[in-house]
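Chain letters run A, B, ... following the sequence lines, proteins first, then strands; residues in each count from 1. Hydrogens, waters and symmetry mates are skipped; everything else that's a heavy atom, side chains included, is used.
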2 protein chains.
Amino acid sequence: MNAPTISAVTCGDCPIRHRAVCARCDTDELNELDAIKYYRTYEAGQPIIWSGDVMNFVGSVVSGIATLTQTMEDGRTQMVGLLLPSDFVGRPGRDGAAYNVVATTEVVMCCFRKKPFEDLMVRTPHIAHRLLEMTLDELDAAREWMLVLGRKTAREKIASLLSIIARRDASLTPKGATNNMSFDLPLTREAMADYLGLTLETVSRQMSALKKDGVIELEGKRRVTIPDMGRLMEEAGDDSDGGLIG
Amino acid sequence: MNAPTISAVTCGDCPIRHRAVCARCDTDELNELDAIKYYRTYEAGQPIIWSGDVMNFVGSVVSGIATLTQTMEDGRTQMVGLLLPSDFVGRPGRDGAAYNVVATTEVVMCCFRKKPFEDLMVRTPHIAHRLLEMTLDELDAAREWMLVLGRKTAREKIASLLSIIARRDASLTPKGATNNMSFDLPLTREAMADYLGLTLETVSRQMSALKKDGVIELEGKRRVTIPDMGRLMEEAGDDSDGGLIG
DNA sequence: GATCTCGATTGATCTGGGTCAAAGTTTCTG
DNA sequence: CAGAAACTTTGACCCAGATCAATCGAGATC
């Protein structure tokens, strides 16, 4: 997944089609979006936005993984969202960013300049509606995560995270395999800890425990296989299948 | 604060003016809203919506306090939002409710039937924009709370909750006093615990500790006075003044 | 006034996960 | 290939907050 060059790409053949924004756009609107967009690449570890900064763009992740985090003055940090390809970044109608956005891997963003995007949004109601739906999804995901953070044990937290990534991953691949699926963990143990409100040591211990108990299989540190998705969801304390990533 | 009778009230003189919805409506739109609205009273402890139920209305809290909660099968529950007067309830474009909504005190809701409300939303873009702003606010609040749940100590959690309620309370009263403000805690110790991901015993202990240390004063169990708001926010580990209630 | 109930407080004890520390792996670099 | 740097695992110990249990109001209800 290399960054497409700006001139060669229209919104219509964006690798990701801007699931959030373009899904219902007609040709004229796509052309308008096309006129105000540009691509930008961020290296792994590089900040994309600092909390409090003025944001002059909105956009979608084309490839790579980014995280949303909040930090206290003493350095304690909590991840509040995970951005995977096709996820939308930005707050139409808001000037400042509310969290840090950091590239975890190399990230390619397709950005729209904010002011013209907002103008377009005012003229085309379905974009506003799409953004509302999207924001409601993120709100659901955030609240689902509040239950994880507030009430689940370390083991359940890990299982919840793995189950969310697995499910998310499955929905991106054509065949939505439910068993024996495997994927690469896009996060370090430390990032997982920041997401789950744990320490990296605890994350490591619980990963080992889940492996020992046959809930997951590990190849190297990052490649994870889920022999039995139902079992994993039980471990997550999760009968229902709710839960998205913000 | 008694429930106004349906016939006597127009949206324009709703006691709360539907901060979320009506702020920018013109007369025609207010009349339309008026035609599809009705009032409903819920007793303390009564469920307003069950998670998964089909919701056929959206609306605002006129008076009283309600909570949004998520529950696991084994009974562990996490509060994911607090609804105070003027807060909006409902998910335009969604059929099912995602959480339980329960009246903590007696609650009066001003409801709009969902279908006509959505129709109105399609015709009047500023309502959709207002709802988007509102949802972004709730998302910010939820993510702020994720930091509280994931990374703060019990004492900091309590201080955070008190500071949020105090700030929220201050913004509702004409004079936004910052020091020596007092308010009635709208929550039992158990509800506070569910909000903070703690047990009620820990909540009680930390409340006693904050009282002993002069951070708060208590009259009876519920009346709280904050002699020094800055001190409270320090205790919350919160230099910034972020944080709303979802 | 006696009793019940529901919430709140306080104490004693236990434990899950944090903290501190030491190796082990993998990848990168010279 | 050696050495470094970054990430991960594992062990030993400790403590904040959970759990279990007893007591204490403050309203209700009789």
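- Between the side chain of A:Lys152 and the backbone N or O of A:Ala236 there is at least one donor-acceptor pair closer than 3.5 Å.
- Sequence neighbours left out, not one pair with a member in residues 39-58 of chain B passes salt bridge (charged side-chain N to carboxylate O under 4.0 Å, His left out).
- Using a 4.5 Å heavy-atom cutoff, the side chains of A:Leu147 and B:Met72 are in contact.
- Taking atom CG on B:Leu185 and atom C1' on C:dG7, their separation rounds to 13 Å, with Å as the unit.
- Atom CZ of A:Arg189 is separated from atom P of D:dC7 by 12 Å (rounded to the nearest Å).
- With A:Asp74 contributing its side chain and A:Arg76 its backbone, the two residues share a donor-acceptor pair below 3.5 Å.
- A heavy-atom distance below 4.5 Å is found between the side chains of B:Met192 and B:Leu161.
- Overall bending of the helix from C:dG1-D:dC30 to C:dG30-D:dC1, expressed as the angle between end axes built from five pairs apiece, is 30° (10° steps).
- Rounded to whole Å, the distance from CG on B:Leu200 to P on D:dG17 is 15 Å.
- A straight line from CG of A:Leu218 to C1' of D:dT10 spans 15 Å, rounded to a whole angstrom.
- Judged by distance alone, the side chain of A:Trp145 and the main-chain N or O of A:Asp140 form no donor-acceptor pair under 3.5 Å.
- A salt bridge links A:Glu235 to A:Arg155: one of the charged nitrogens lies within less than 4.0 Å of a carboxylate oxygen.
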Trace of the side chain to side chain contact (heavy atoms under 4.5 Å, CB included) decision for B:Asp137 with B:Thr135: CA-CA 5 Å; B:Asp137 280 343; B:Thr135 308; over 6 Å; no

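- Protein atom CD of B:Glu190 is 15 Å distant from nucleotide atom C1' of C:dT5, rounded to whole Å.
- Computed from coordinates, the A:Arg223 CZ to C:dT26 P distance equals 17 Å when rounded to whole Å.
- As a whole-Å value, the separation of A:Met207 CE from D:dC7 P is 16 Å.
- Within the structure, a side-chain polar atom (N or O) of A:Arg222 is placed less than 4.0 Å from OP1 or OP2 of D:dT8.
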Between the protein and nucleotides 16-21 of chain C, list the N/O to N/O atom pairs that are separated by less than 3.5 angstrom.
residue, atom, partner, partner atom, Å
C:dG17, OP1, A:Ala154, N, 2.8
C:dG18, OP2, A:Thr199, N, 3.4
C:dG18, OP2, A:Thr199, OG1, 3.1
C:dG18, OP2, A:Thr202, OG1, 2.4
C:dT19, O4, A:Arg205, NH2, 2.8
C:dC20, N4, A:Glu201, OE2, 3.2

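- Look at CD1 on A:Ile158: it is 12 Å from P on D:dT8, rounded to the nearest Å.
- In this model, the phosphate group of D:dA6 is not approached by any side-chain N or O of A:Thr188 to a distance below 4.0 Å at OP1 or OP2.
- A cation-pi arrangement is present between B:Arg143 and A:Tyr99, with the terminal nitrogen or guanidinium carbon under 6.0 Å from the aromatic centre and inside a 45° cone about the axis.
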